[in-house]
Amino acid sequence: MTLLRIAILISGRGSNMGALIGSAQREGYGEIALVLSNRPDAAGLEFAARHAIEALALDHKAHVSREAFDAAVDEALRKRRIDIVALAGFMRILGAGFVARWQGRLVNIHPSLLPLFPGIHVHEQALAAGVKQSGATVHFVVPELDAGPIIGQASVPVLTGDTPATLAARILLAEHKLYPVCLKMLCEGRVRLDGGRAVFAHGGPIAIPPESP
Ligand code: GRF
């Protein structure tokens, strides 16, 4: 059986990338064939290279337009026969053309319980709203930011005295559990994008509850 070839797109430290690499290696649901960063200084690139995974920097600043950057990313993915693209802290918005080309094969993780708090300053938004729970969402990517059909969510409590940093750290741990489960589900064909909706072979989206204290 040939394994699905997965690319992970990052911009920074790549802790979710690390979780995906570990789980794919342990569980064999796919091969992480490429880690691509739009920032040449992303710490995650080094980690990938150390794990014998091709680490490619494509600096967005070296491209004349958003379209040119998207085209370069697309070419890099096609050249390596990538099947599935996982965004993991990738801080560039991909254009509608790119998203359409990879539709159903392009997923993202966002550190809130979408549709609450899309975009940036996510934890500040959550604290300002006074929610008692926040979490993370893995979803198919659609042209609208942080709005695609949900594959899975993990919840964490918001505690008295939380700062954006403490809340982010708690959510990050939940992200590391959620993303591998969702990526595995996609690779095994147990969820697909159909007519703009996530269709599940059995049941519905993954729901990881808060850890009991
Ligand atoms: C994560 O919180 C992810 O949800 C968001 O960016 C952060 C990336 O962290 N999109 P890391 O690079 O995976 O450590």
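Read the numbers this way: they start at 1 and go in the same order the structure lists the ligands and their atoms. As the structure is a computational prediction, the values presented were derived from the model and not from experiment.
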Is [Y] paired with [X] through a side-chain N to carboxylate O contact shorter than 4.0 Å?
X: Arg92; Y: Asp70; answer: no
X: Glu211; Y: Lys177; answer: yes
X: Asp74; Y: Arg101; answer: yes

What do you reckon, does Ile10 put a non-hydrogen atom under 4.0 Å from ligand 1? no
Which heavy atom of the protein is the closest neighbour of [atom], given with residue, atom name and distance?
atom: atom 4 (O) of ligand 1; answer: Glu175 OE1, 2.6 Å
atom: atom 5 (C) of ligand 1; answer: Pro111 CD, 4.0 Å
atom: atom 9 (O) of ligand 1; answer: Arg13 NH2, 3.3 Å
atom: atom 13 (O) of ligand 1; answer: Asn16 N, 2.8 Å
atom: atom 12 (O) of ligand 1; answer: Gly14 N, 2.9 Å

Any side-chain donor paired with an acceptor under 3.5 Å for Ser23 and Tyr179? no
Any chance the side chains of His123 and Ser134 put a donor and an acceptor closer than 3.5 Å? no
Before signing off on this row, confirm whether Ile109 and ligand 1 have an N or O atom pair separated by under 3.5 Å. yes
Chi angles and distances behind the side-chain contact (heavy atoms from CB on, under 4.5 Å) call for Ile82, Val85: CA-CA 7 Å; Ile82 296 299; Val85 180; 4.0 Å; yes
Provide the number and element of each atom of ligand 1 under 4.0 Å from a heavy atom of Gly89. 6 (O), 8 (C), 10 (N)
Ignoring hydrogens, just give me the one of Ser37, Ala174, Ser15, Ala43 whose non-hydrogen atom is nearest atom 11 (P) of ligand 1. Ser15
Mind checking whether Phe140 and Ile109 sit in one hydrophobic cluster, side chains of I, L, V, M, F, W, Y counted as touching below 4.5 Å? yes
